[in-house]
Amino acid sequence: MNPVSDLAASLISIGFYGISYAMILYVISVGLSITMGMMGFVNLAHGVFAMAGGFVLSICLARYGIPFPLALAAAFLSVSVASVALERGLYARFYGAGELTQVLFSIGLIYVAIALARLEFGTQAAPIMLPDYLKGQVKILGHDFPTYRLFVIVFGFAIAFALWIAIEKTRFGAFVRAAVDNRAMAQSIGIDTRRLFTLTFALGSGMAALGGALGADVLAPQWNYPLEHLVYFLIVVSVGGFGSLHGPFVAALLIGIADTLGKYWFPEFGAFLIYAATIGLLLWRPHGLFGACS
Amino acid sequence: MTRIKAPGLFFALAFAGLAMFSGSGAVSAQTIKIGVVSTFSGPAANFGEYSVKAMQLYEKLHASELPAGVKIELLVRDDGGPNPDKAKQLAQELIVRDKVQILAGAGFTPNAMAIAPLATQAKTPFLILNAGASVVTTKSPYIARFSFTMAQSAAPLGSWAAKKYKTAFTLVADYGPGVDSETAFTSAYSASGGTIVGSVRVPPMTLEYAPFLQRVKDAKPDVLMVFVPAGKTATGLMKGFVDLGLKDAGIKLVGPGDIVPDEELANMDDGAIGVTTVYHYSAWADRPANKAFVEAWQKEYGTSTQTNTFAVSGWDAMDAIFQIIKAGNGVVDGDKAMEVLKSYKDANSPRGAISIDPETRDIVQNEYLREVRKVDGKLENIELETIATALKDPVKDQMKK
Amino acid sequence: MSVVLETLNLQRSFGALMVTDNVSLSIPVGARHALIGPNGAGKTTLINLLTGVLSPSGGSVRLDGEDITGVGQAARVKRGIARTFQINSLFRNLTVLDTIALAVAERSGIGWSIWRPANSYRSVRDECMEILTRLGIADEALRQISELAYGKQRLVEIAVALGLRPRVLLLDEPAAGVPSMESGRILEVLAELPSDIAILMIEHDMDLVARFANRITVLVAGAVLTEGAPLEVMADERVRSVYLGEALHG
Amino acid sequence: MTAEARSAQAGYAGATRYRWYEAVPFIVAIGFYFAMPDYLSLGSRILIFVLFALSLDLVLGFGGIVTLGHSAFLGTGAYVAGFIGAYSPVSDPIIQLLGAVLAAGLVGFLTGCIILRTKGLTVIMLTLAFAAILLELANKASAITGGTDGLSGIQVAPIFGRFEFDLYGQTGYLYCLGVLLVAWYLVRRLVHSPFGTSLTGIRDNASRMHAIGAPVYWRLVAAYSISAAIAGAAGALLTQINQLVGLDVLGFEPSGEVVVMLILGGVGQIYGAFLGPAVFLVLQDALAKQFPEFWYLGIGIGLLFVVWYAPTGLIGLISRVARRWGRP
């Protein structure tokens, strides 16, 4: 027995879990970061979309036996489409409203959503039946890793890359960046911000749904989901700096790994570490790691 | 000048609106009112839902046994979770406004503690349907418990585990029930010659157990005792247990029955197979009384729903309430009702023979060793043996000594 | 004339961008000094450095010959430096009177009073009304800021600064966005200010500058291009080219 | 809101004299005591949340600080009053109350010094984080706080040695009303003072307040500490009425709900803090009874309705309606 290699094995294992947890947080939160940054909308109800994604995945898998990749896509698409209706019908009205109104509005939305979720799905968490090819373990360099967690990590990085391409290299992305930087300016140079907002909102909600579905195996879809995990999403967004694209990625990795390692080494401090770290980080950089410092 | 006149009007309306909600009206003297304060919303909504369903089912099936003309009215109130102030307010209103003769409920210990002084002041019998901290029954002479105490399952589990496994690790949620079961397990396990090689307390709402389970894996115990809240947290733990290879490493997962609730098994995956628990009830127990109970339940609420501990608590409590009503011939007097409760016995409860300890007013019941197995493609809690018969609350027993 | 406010080699950079580049200014008592320059020349940054909103990367600020570079914003106000904002920066939900009273109250040290009702401070109210009368907007005292015409809001901006009884007044484009008819009114107001107040004004309108200032500093790309009497500066070729370019852009 | 209405409230040109409608909440509360003796428990809960919302109004409504962690102070007050009642021989409710007020004020001062260095969303996150840390602390220190089982065995003597807390909650109700009356008077004086006016100025335009030389940071810290102290009083009342403290007082729920209640009622107008909790809790009580399992739906739709039709809260709605009727 070699204590050093034992420790290394433990750390690799923990780090792996930390990263996969981080990817779930990232995919859910990145949409919130963009909508908050661009529209300045304090959307506390972001978790509703993540929950919806999880439920859609669960229904697709359990009730209709739809293959897993299609079910993921269905979660993204259905929630995106539904969110367009919400954005046009409800959110758009509160773009100019103050922070407080937006807080109240989104809390109202959370209440309605969790009540509906409870009526439809009951009080228990929805079961997620993963396909066999995502179950079990994969051996890499002598370590066993759970296949699904590996999938989550790969998927998360792929999403991050795809988003980076979409925002940095496309015309749509250029518009989004312009609108995040300066909404009035974007409008004055002829960008249809109304449509841009709707599209971005749909993308952001769709990402949340995708993250909710991807993470459903860990953060089980249950009716009180939007309130239960709200704080974590907010932490990722605020530490990352809202309006930023890579901010949430780095913040999620930081929080995912720090949280996991912290719990491994100092389990007695429970949830302290993550909050203390958040306070420390925000005092050091009040606008988050990648937030606009104005 | 603008005068803001209407606020006053609105206040008046708001408070006047209250009056409309107060009209429960006069009822015939022969209606026995039972107030249930439990949890029907929030993460623990199962607590109240199952108990009340069982109480209603019992009432429906046994209505003919009541003295002629006597009816039962259940007044159900939601405390929303561990909210002692809310629970107290609801109980107080049930007592002073609705004039309930019997109180039942309390999913959470703090809620039970908040209601206890009211039960004493109003001399209203208060039947505990879930809260499991030992101390609860000492808070009022009008309390009788129909659920369980944490130590009732954890202590026999410890003694049993010590006989089969040399070293143990405990992992519990860092809140009352978790700490109670850790304490009871640890002392019973050590007393029977086992060695605890490590323990960790985790935040109650933990979903990702990898870091904690890695610690367990590092310590290489023979057996891991866990207590975490039922539902997705327990599911998450078992997933992690398999994913991190603890199961393959030959570590045995045991715990109080709360970690594999009957109603949640359908949502758990095969990782739960082999989990061994000690509990006072299983929906799959083959006692005739239980089979009848489950059959009646599924006939009423559908075959997709399971009976569980909350249901059996509600069922037995309703049986006791019927005895109180029958003994008083339709009249409920607090002190007399307590006498009935203290001598309450039922050899034929779905969970086996139970009684109320006249001294502590705590439940006396059997504890069963169970294992999660797959039967016809579904997970079930299969009772293997009765490892404790007519067990009193071990904590109170110890305090006496 | 004794110097009240001066800067020595003042520098400020944002990253690699030098927005204030070795600026040395000296404002004597009673000065009517204008600071001009094209957009982005760093004029507002300079005011922010003088008032302590920003801290300089190098150099120093002196008041009455004393180094105040490290002194905070509030303390500088206490020592007599007041400013107005280029874009109206008022309290939308307060009345004109309250807006000015806030300044007067801070100056007279009652801002911490938490027990006596604000309206019982007669002297504060009287002083506010006196300032408003001087600026000719006493009629508007009880109206909410958000209901006021833009030009009047500019006057309130100045009134707030006057409420601080400044010795040095920094005006950031006091007539910006005001139609030329009304800007005359603002100029009148400025002309009536006590002569012992030193005024540094940022302004684009060369007409206004010519009527107001007895000394002009031209700032380009953060650095002082030239400084001198109005006629002298306006005759300067470099200034003309800068302004011609600006005019073409604008 | 028109200029007249605004100036009638506070400020240097404002009127500080009392208007008849300001007495309405208290008249209603006293009327309630006599008219609905069976509902005093709900009534006390409403009064306590009014007090809590009033404390929040000071920072959120007047100071413009958005917080989702105000339960930190409710909880501190509740636990400190509980500690005094459970572990010291002092069972006098007034002393317990004062102890809670001081402790919560102190915690407010210490955390405020840190939190108020930042702005906007960061403030929200920091308040959340501090409340979460206090909750963890209370959970970990279960030896003295009782953890999730709650802190019990709290001795509360009769008020002034004469009025005992009774089953019907009469004493408790009047006691809460008395404390609320005192707090309301304090807050009203504060809001009408130069300090209060400067808070409004900071809320509307902090950089302007800097420019007129106001010590913005310290003003906010002071307001935050006072608010925390009042929230602590609400916590102490909760403890004394229940003679038990549950961990939930430090949870996210009271923080979130009190914000909802206040915005529902209307921020920055004192009386919104009276109306919001009353409506919210009465609705909750009624809906939870009709549909014990789904009152969230009702509350949610109610909130959306208010946001949609009454963005300035119910008080704003009422004054709009009043104006329309007042000037046909």
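All chains are named by letter (A, B, ...) in the order of the sequence lines, taking the proteins before the strands, and each is independently numbered beginning at 1.
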Spacing of CD belonging to C:Gln73 relative to CE belonging to D:Met209, to within rounding of 0.5 Å
11.5 Å

C:Pro117 and D:Pro194 have their tightest heavy-atom pair at C-CD, 4.3 Å

Residues 102-114 of chain D: residues contacting chain C (heavy atom under 4.5 Å, by number):
none

Taking non-hydrogen atoms and a cut-off under 4.5 angstrom, which of residues 99-106 of chain C neighbour chain D?
C:Ala101, C:Leu102, C:Ala103, C:Ala105, C:Glu106

Between CZ on residue D:Arg219 and CD1 on residue C:Ile114, distance to nearest 0.5 Å:
11.0 Å

Counting only non-hydrogen atoms closer than 4.5 Å, does C:Arg125 touch chain D with its backbone (N, CA, C, O), its side chain (CB onward), both, or neither?
side chain

When heavy-atom pairs shorter than 4.5 Å are enumerated against chain D, which of C:Ser113, C:Ala74, C:Ala75 gives the highest number?
C:Ser113

Between the side chain of D:Asn205 and the main-chain N/O of C:Phe91, is any donor-acceptor distance below 3.5 Å?
no

Mind checking whether C:Trp115 and D:Tyr185 have parallel, tilted or perpendicular rings, split at 30° and 60°?
perpendicular

For residues D:Tyr12 and C:Cys128, determine if any side-chain heavy atom of one lies less than 4.5 Å from a side-chain heavy atom of the other.
no

Out of curiosity, D:Ile212 CD1 to C:Arg83 CZ, how far, rounded to the nearest 0.5 Å?
13.0 Å

Does anything in residues 44-60 of chain C get under 4.5 Å of chain D by heavy atoms, and if so which residues?
none

I need the residue from D:Gly201, D:Gly196, D:Ser198 with the largest number of non-hydrogen atom pairs under 4.5 Å to chain C.
D:Gly201

Tell me the closest heavy-atom pair linking C:Trp112 and D:Phe195, and the distance in Å.
CZ3-CE1, 3.7 Å

Heavy-atom side-chain contact between C:Arg116 and D:Ser193 under 4.5 Å:
no

Test side-chain contact (heavy atoms from CB on, under 4.5 Å) applied to C:Leu94 and D:Thr200, step by step
CA-CA 8 Å; C:Leu94 293 188; D:Thr200 315; 3.9 Å; yes

Minimum heavy-atom separation for D:Asp204 and C:Arg92, please, with both atom names.
OD2-N, 3.8 Å

Just jot down the ring pair (Phe, Tyr, Trp, His ring centres under 6.0 Å) partners of D:Trp308, sequence neighbours excluded, or say none.
A:Phe94

